[in-house]
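Some notes on the structure that comes next.
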Protein chains: 2
Amino acid sequence: MPATFRNHLEKFIEINDDEYAEISTYFTQASVRKKENLLEEGQICRSHFFVLSGCLRKFFINDKGVEQTTEFAIENWWITDNMAYERQQSTGFFIQAVEPSEVLVISHDAQEALLRNVPAMERYFRFVYQRAYAASQMRIKYLYDYSREDLYYHFHDHYPEFVQRIPQYLLASFLGFTPEYLSEIRSKRRS
Amino acid sequence: MPATFRNHLEKFIEINDDEYAEISTYFTQASVRKKENLLEEGQICRSHFFVLSGCLRKFFINDKGVEQTTEFAIENWWITDNMAYERQQSTGFFIQAVEPSEVLVISHDAQEALLRNVPAMERYFRFVYQRAYAASQMRIKYLYDYSREDLYYHFHDHYPEFVQRIPQYLLASFLGFTPEYLSEIRSKRRS
DNA sequence: CGGTCTCTTGACGGAGTTCAAAGCTAGTGG
DNA sequence: CCACTAGCTTTGAACTCCGTCAAGAGACCG
C-alpha cells in the first residue's frame, strides 16, 4: 500500500512497521476509470472505500429518474453507504468515479477482523466516524439554514478548488437543485 | 449511575464490575426541567450528554430570529454540538429539555481520559459514532429525496410515538418548515 | 467535422413562506 | 376548582423561490 495511507493513519494513531504490515493485509487496492461504478443500487454493500487519489461521488436515482448526489469523496476520505454496509444489506446508492481514481478497498468482514486484531484501528475509526458525524451535522444545519443560492455561495467560498474540479451539473445535484437554477444564480452575480 | 446506562453499554461491549466502577467516575448526573438549557449559543461546548430519560432537542436561531430544531435526543441517545465539542470552540446551538429529563454529563477532557484509560470505550464510541453517522447520512438522503409533505408522513409513520410526544411546532421546526404548513398538510388528510 | 454532453436563457407553474387574525388548550395562581 | 393568560394551532390571501419544460449555444471527443 502507498505511503500516503500510512501518513494519513499517523495523523490519528501511532503505528510501527509490524502493525502497518498487518494492517495492509486487510486491504486491496483498485483503480477506477471515470464514470465507473464501485457500487450499484440493489447490490449488497460489502466494501468501504478509501480514496488515495481522484474523486468519487455517491448518488441515488429519485422517483423522477434524476441522479441526486449526496456526497463527494476526495483524497483521504472514506466513502460507502454506511447504513447498508453496517447491516450488510442491499443499497439504494451508486458510488461512481468522477475522475480516474485510486482506492483502497476493505470488506466488511475484513474491517471487523481488523478492528478486533489491531486495537489502534478502533481508535482510528472512532476518530474518522466522529469527524464524519460532526461534518454531517453541520451539513444538515446548512441545509436548514441556507437558501439554495446561499448554499452555492457557501460551497463556492469554502471549497473553491472543488468547484473548479467538478462539472456544474454535479455541483447542482450535490447542492440539491437543478443545473438551470445554478446557471441563473451564476448569471446574477456576473451582471 | 443508573443500571440503564450499564445495560446500554453492554449492548456494544463487555465490561466487568471494576471497569464499570471506573467508567462511572468520569460522569456526573443532572436533572433538567422542561425548557431549561444545557447549552447556549456562544458558550464553549464542553459537555457531551447522554439521555437517561426524557427528551432534549438541539436548535439554532436563524437570521430571521426563528428557532430551527436540527436534532432530538431521547432515552439512550447522545447529544452535543459535535463540531464545537471536538474542537472545544464556541457553539451556534442551544440544547434544551423538551420534557423534564435525566442526563449523564461528561466533559471533553474526561471523555479523552476515559478513551485513553478504558480501551473498550474506544470500541463503544466507535459504534456510537458509526451508527450516528449512518443515520445522519440517511437523514440527508431524505432531505434531498422527499418533499416537506413526504417528510412529515415518513416521520409520522416511522416514529408515531414521537409525534404523540412532542408539540407540532417543534415537529415542524425539525422537519424544516413552518407550523402553518404542517397544519395545512394535516387538514388535507383529515378531509 | 459531426454528435453527444454540458451550460444558458426564458416562460410558466406549484410547493411552501409570510403575515395577520381568530380559535383552541393547557398551565398557573388565586 | 375555576378563570385568565400565554402559548399553540388553524385558516386564508398574497407572494417568492425554485422546478419544469423547451429550445438554443458552446464545448469536448472520436
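Every chain is numbered from 1, with letters handed out A, B, ... down the list of sequences. Remember, predicted model here, so these are calculated numbers, not experimental data.
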Checklist line | NZ/NE/NH1/NH2 to OD/OE distance under 4.0 Å, B:R6 and B:D17 | finding: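 So B:R6 pairs with B:D17 through a salt bridge.
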Report the distance from atom [atom1] of [X] to atom [atom2] of [N], rounded to the nearest whole Å.
X: A:D150; N: D:dT16; atom1: CG; atom2: P; answer: 17 Å
X: B:K188; N: D:dG12; atom1: NZ; atom2: C1'; answer: 15 Å
X: A:L151; N: D:dC17; atom1: CG; atom2: C1'; answer: 13 Å
X: A:L171; N: C:dT6; atom1: CG; atom2: P; answer: 14 Å
X: A:Y152; N: D:dC18; atom1: OH; atom2: C1'; answer: 17 Å
X: B:R186; N: D:dC8; atom1: CZ; atom2: P; answer: 15 Å
X: A:L182; N: D:dT20; atom1: CG; atom2: C1'; answer: 16 Å
X: B:I166; N: D:dC8; atom1: CD1; atom2: P; answer: 13 Å

Please list each protein N or O that sits under 3.5 Å from an N or O in nucleotides 14-23 of chain C, with the distance.
from	atom 1	to	atom 2	distance (Å)
C:dG16	OP1	B:R148	N	3.0
C:dG16	OP2	B:Y181	OH	2.5
C:dT17	OP2	B:T178	OG1	3.4
C:dT18	OP1	B:K64	NZ	3.0
C:dC19	N4	B:E180	OE2	3.4

Item checked: Mutual orientation of the aromatic rings belonging to A:W78 and A:F27 [parallel < 30°, tilted 30-60°, perpendicular > 60°] ->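 The arrangement is tilted - the two ring planes meet at 30° to 60°.
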Note to self: Can a donor-acceptor pair be found, under 3.5 Å and without considering hydrogens, that links the side chain of B:T80 to the backbone of B:S47?
What the structure shows: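 Judged by distance alone, yes, a pair lies under 3.5 Å.
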Notebook entry, point to check: Can you check whether B:Y144 and A:F60 have ring centres sitting under 6.0 Å from each other?
Noted result: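 B:Y144 vs A:F60: aromatic centres not under 6.0 Å.
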Item checked: Minimum heavy-atom distance B:A113-B:Y26, with the two atoms named ->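 Distance-wise, the nearest heavy atoms are CB-CE2, 3.8 Å.
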Checklist line | Whether over 12 other heavy atoms sit under 6.0 Å from B:R139 CZ | finding: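 Count over threshold, so yes.
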